[in-house]
Amino acid sequence: MRIIISPAKKMNVDTDSFAVEALPRFVGETEKLMEALKGMTPEALQKLWKCNDGITALNVERLQNMDLRRGLTPAVLSYEGIQYQYLAPGVLETGGLRYLRKHLRILSGFYGLLRPFDGVTPYRLEMQAKLSVDGKKDLYDFWGDRLAVQLVSETELILNLASKEYSKAVEPWLPRGVRFLTCVFGELKEGRVVEKGTMCKMARGQMLRWMAENDITNPADIRNFNDLEYRFSPEHSSENNYVFIKEEKRDA
């Protein structure tokens, strides 16, 4: 089993907590993207990144000084988003870290596919960014089937804890016979399952941490997740779509 998750926009540098174990598999492709970004004006980059002046200035400076091979941070520690806060890899015990090393893969518009302890540097480039490189219309086209092919070489079961923006960089390219199991976290509203962005990120991080702490390798066992008031809902689920419903709080 391989578990795929999205990256986060906010990143940091931590070269002390854990050692970097390798460079990303697709660092050659990342170099092409980096050079394309370096060839753009700050104004064009701001339009591409869709961010304010302060974030633009920070990332332009990062780009100017970017080194893809030195001063790197393990990927799982580099991202600071809500999902990663709930995963809290910095305080996982050895067994949990071993689990992440084997099973977790992080999708990235800039790096493609990352193992948890691949070394990365802070960047800004979402998968849906309209960046044309090597004659490709966008990043989905640029990465093509590379990410799916790599995952399929490792497993026949992909647990999808990524957002739609990122999972669609993998799912369309998967061959028949590879199971793509998506977990959905939502609330019932008038009979419909409604997903809320922040709560979904929290639940994905919490589920991943729970899986790592409990060494979950059987997909059926994923249905036992019951943190953050989420419970598996058989009536809303299917073979490849596990739905977890947040229970309503009731007054005592």
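Keep in mind it's a predicted model, so treat the numbers as computed, not measured.
- With sequence neighbours left out, the side chain to side chain donor-acceptor pair (under 3.5 Å) criterion links E195 to no other residue.
- Take V133 and apply the side chain to side chain contact (heavy atoms under 4.5 Å, CB included) test, not counting sequence neighbours, and it matches K32, L33, A36, L131, F142.
- Atoms CE and CG, from M66 and L68 in turn, are 6.5 Å apart once rounded to the nearest 0.5 Å.
- Enclosure of atom NZ in K38 by more than 12 non-hydrogen atoms of other residues, nucleotides or ligands within 6.0 angstrom is indicated.
- Looking only at distances, a side-chain donor or acceptor of D138 sits under 3.5 Å from a matching main-chain atom of D141.
- Partners of N241 under the side chain to side chain donor-acceptor pair (under 3.5 Å) rule, at least two apart in sequence or in another chain, do not exist in this structure.
- What you find for G90 and F18 is that their closest heavy atoms are CA-CE1, 4.2 Å.
- Distance alone, capped at 3.5 Å, is enough to place a donor-acceptor pair between the R179 side chain and the E239 backbone.
- Scored by the side chain to side chain contact (heavy atoms under 4.5 Å, CB included) test, T94 finds R98 as partners (sequence neighbours excluded).
- Judged as a salt bridge (charged side-chain N to carboxylate O under 4.0 Å, His left out), not a single pair has a partner in residues 167-178 (not counting sequence neighbours).
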Quiz item: For R105 and E154, what are the C-alpha separation, side-chain angles and deciding distance, and is it a side chain to side chain contact (heavy atoms under 4.5 Å, CB included)?
Solution: CA-CA 11 Å; R105 299 295 180 263; E154 301 176 19; 3.1 Å; yes
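- Distance CG/L45 to CG/L63: 6.5 Å, rounded to 0.5 Å.
- When atom types are taken as modelled, the side chain of W143 and the backbone of G109 share a donor-acceptor pair closer than 3.5 angstrom.
- Here the side chains of R204 and I5 are not in contact, with every heavy-atom distance at 4.5 Å or above.
- Rounded to the nearest 0.5 angstrom, I106 CD1 and Q83 CD are separated by 9.0 Å.
- More than 12 heavy atoms of other shown residues, nucleotides or ligands fall within 6.0 angstrom of atom NZ in K246.
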Tabulate below the donor-acceptor pairs under 3.5 Å that side-chain atoms of residues 116-126 make, not counting sequence neighbours, or state none.
{"residue": "D118", "atom": "OD1", "partner": "R115", "partner atom": "NE", "Å": "3.0"}
{"residue": "D118", "atom": "OD1", "partner": "R115", "partner atom": "NH2", "Å": "3.2"}
{"residue": "D118", "atom": "OD2", "partner": "R115", "partner atom": "N", "Å": "3.0"}
{"residue": "D118", "atom": "OD2", "partner": "R115", "partner atom": "NE", "Å": "3.2"}
{"residue": "Y123", "atom": "OH", "partner": "Y79", "partner atom": "OH", "Å": "2.8"}
{"residue": "Y123", "atom": "OH", "partner": "S108", "partner atom": "OG", "Å": "2.8"}

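- Distance alone, capped at 3.5 Å, places no donor-acceptor pair between the D134 side chain and the K136 backbone.
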May I have the list of side-chain donor-acceptor pairs in residues 23-30 shorter than 3.5 Å, sequence neighbours left out?
{"residue": "E29", "atom": "OE2", "partner": "R146", "partner atom": "NE", "Å": "3.3"}
{"residue": "T30", "atom": "OG1", "partner": "F26", "partner atom": "O", "Å": "3.2"}
{"residue": "T30", "atom": "OG1", "partner": "F110", "partner atom": "O", "Å": "2.9"}

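- Counting all heavy atoms, side chain and backbone alike, L157 lies closest to P219 at CD2-CG, 3.8 Å.
- Looking at S78, its side chain never comes within 3.5 Å of a backbone N or O of P74 through a donor-acceptor pair.
- With hydrogens and angles disregarded, no donor-acceptor distance shorter than 3.5 Å links the side chain of H103 to the backbone of I3.
- Within the structure, every pair that satisfies the ring-ring contact (aromatic ring centres under 6.0 Å, His included) test and touches residues 181-208, not counting sequence neighbours, is listed here: F185-Y230, F185-F244.
- Under the 4.5 Å side-chain criterion, counting only non-hydrogen atoms from C-beta, L48 is in contact with L37.
- Shown here are the side chain to side chain contact (heavy atoms under 4.5 Å, CB included) partners of D67, two or more places apart in sequence or in another chain: R69, R70.
- Atoms OG1 and CG, on T217 and L159 in that order, are 12.0 Å from each other to the nearest 0.5 Å.
- Side-chain atoms of N214 and N224, non-hydrogen and from C-beta on, never get closer than 4.5 Å to each other.
- The CG atom of L107 sits 7.0 Å away from atom CG of L151, with the distance rounded to the nearest 0.5 Å.
- Between L58 and T56 there is no side-chain heavy-atom pair separated by less than 4.5 Å.
- Within a 6.0 Å sphere centred on CD of Q85, other residues, nucleotides and ligands contribute more than 12 heavy atoms.
- Of the candidates Y242, W210, F232, F225 forms a ring-ring contact (aromatic ring centres under 6.0 Å, His included) with just one, namely W210.
- Residues S167 and T182 form no side-chain contact, since every pair of their non-hydrogen atoms from C-beta on lies 4.5 Å or further apart.
- Other residues sharing the hydrophobic cluster of I245, ordered by chain and number and joined by side-chain separations under 4.5 Å: V184, L188, V193, V243.
- Applying the ring-ring contact (aromatic ring centres under 6.0 Å, His included) test to every pair with at least one member in residues 44-63, sequence neighbours left out, gives no pairs at all.
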Self-check item: Criterion side chain to side chain contact (heavy atoms under 4.5 Å, CB included) on R209 and L92, from CA distance to verdict
Solution: CA-CA 8 Å; R209 181 177 183 82; L92 274 176; 3.4 Å; yes
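- Put simply, the side chain of N59 does not reach to within 4.5 Å of the side chain of M11, judged on heavy atoms.
- L181 places a side-chain heavy atom less than 4.5 Å from the side chain of I222.
- Legend: salt bridge (charged side-chain N to carboxylate O under 4.0 Å, His left out) pairs involving residues 182-193, not counting sequence neighbours, sorted by first then second residue: E187-K189, E187-K196.
- Once rounded to the nearest 0.5 Å, the distance linking CE of M211 with CG of L100 reads 10.0 Å.
- Using modelled atom types, one finds a donor on one side chain and an acceptor on the other under 3.5 Å when comparing Q46 with D53.
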